[in-house]
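Everything on this sheet refers to the single structure shown next.
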2 protein chains.
Amino acid sequence: MKNYIKDFRSTNKISQAELATLTGVTRQTINAIENNKYDPSLKLAFDLANILHTSVDELFVNNVEE
Amino acid sequence: MKNYIKDFRSTNKISQAELATLTGVTRQTINAIENNKYDPSLKLAFDLANILHTSVDELFVNNVEE
DNA sequence: TATAAGTGTAAAACATGTTTTACATTTTTG
DNA sequence: CAAAAATGTAAAACATGTTTTACACTTATA
């Protein structure tokens, strides 16, 4: 699973910490997701898309190959 | 989180068991998600959307109020 | 109406996502 | 350049998602 959080975050001029606060998770969670340590829950994916003014389908790309 | 899996499944004329096989999870998982026992992982959400010929953003709706 | 196919459900074990606490390194700015 | 802000990271505890096994109930079909 690839994501464009960093790009959208930069476009929206917002830090990992701010994005964390706005989505109600910790900064570590945002950092881990950006660095592909794991994927967010579906709910968090939607919250991230909302705050970053985009959609889940645009924010993430599902690598069909595992 | 609300989902339209049952509706899309019906449109695509496919059983819970078939959808499970196609997405690589168990029938119980599909059943639990349809009945809102829990939300799928982001990857499973994408796989479901693909198989059901729709998008994550159309298949699920994020209830902003927790 | 009998049988098969489809659906609902449950508990235990296991896998993945998130928090907490804490510190190190890098980047930005006065 | 010094200080502040931002980012990377790690381990333990906790929360949520998924499998396995198993059985009961309902709906479709011969």
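As a basis for the values below, the full set of heavy atoms in this structure was taken, side chains included, without hydrogen atoms, waters or symmetry mates. Naming convention: chains lettered A, B, ... in sequence-line order (proteins, then strands); numbering from 1 in each chain.
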For the atom pair CG (B/Leu22) and CG (B/Asn50), what is the distance rounded to the nearest 0.5 Å?
11.5 Å
Between A/Ser55 and A/Ala49, what is the shortest heavy-atom contact and its length?
C-CB, 3.6 Å
Near-strand residues of residues 24-37 of chain B, defined as heavy-atom separation under 4.0 angstrom from DNA chain C:
B/Arg27, B/Gln28, B/Asn31, B/Asn35, B/Lys37
My understanding is that only residues two or more places apart in sequence, or in another chain, count here; which of them pass side-chain hydrogen bond (donor to acceptor under 3.5 Å, both in side chains) with B/Gln28?
none
NZ/NE/NH1/NH2 to OD/OE distance under 4.0 Å, A/Glu18 and A/Arg9
no
If we only count heavy atoms from C-beta on, is the A/Asn62 to B/Val56 side-chain gap below 4.5 Å?
no
Angle, rounded to 10°, between the helical axes spanning five pairs at each terminus of the helix from C/dT1-D/dA30 to C/dG30-D/dC1?
60°
Strand contacts (DNA chain C) in residues 4-23 of chain A, 4.0 angstrom heavy-atom criterion:
none
Working to the nearest 0.5 angstrom, can you tell me the gap between A/Ile30 CD1 and A/Gln16 CD?
7.5 Å
Got a sec: does the OH of B/Tyr38 have more than 12 other heavy atoms crowding it under 6.0 Å?
yes
Of all the heavy-atom pairs spanning B/Leu42 and A/Ala45, show the shortest one and how long it is.
CD1-CB, 3.8 Å
Residues that B/Glu58 engages under salt bridge (charged side-chain N to carboxylate O under 4.0 Å, His left out), provided they are two or more places apart
none
Please identify the 5'-most and 3'-most nucleotides of DNA chain C with any atom under 4.0 angstrom from a heavy atom of chain A.
C/dG17 to C/dA22
Starting at CD1 of A/Ile5, measure out to CG of A/Asn12 and round the result to the nearest 0.5 Å.
12.0 Å
Where do B/Asn3 and B/Ile33 come nearest, in terms of heavy atoms and distance?
ND2-O, 3.1 Å
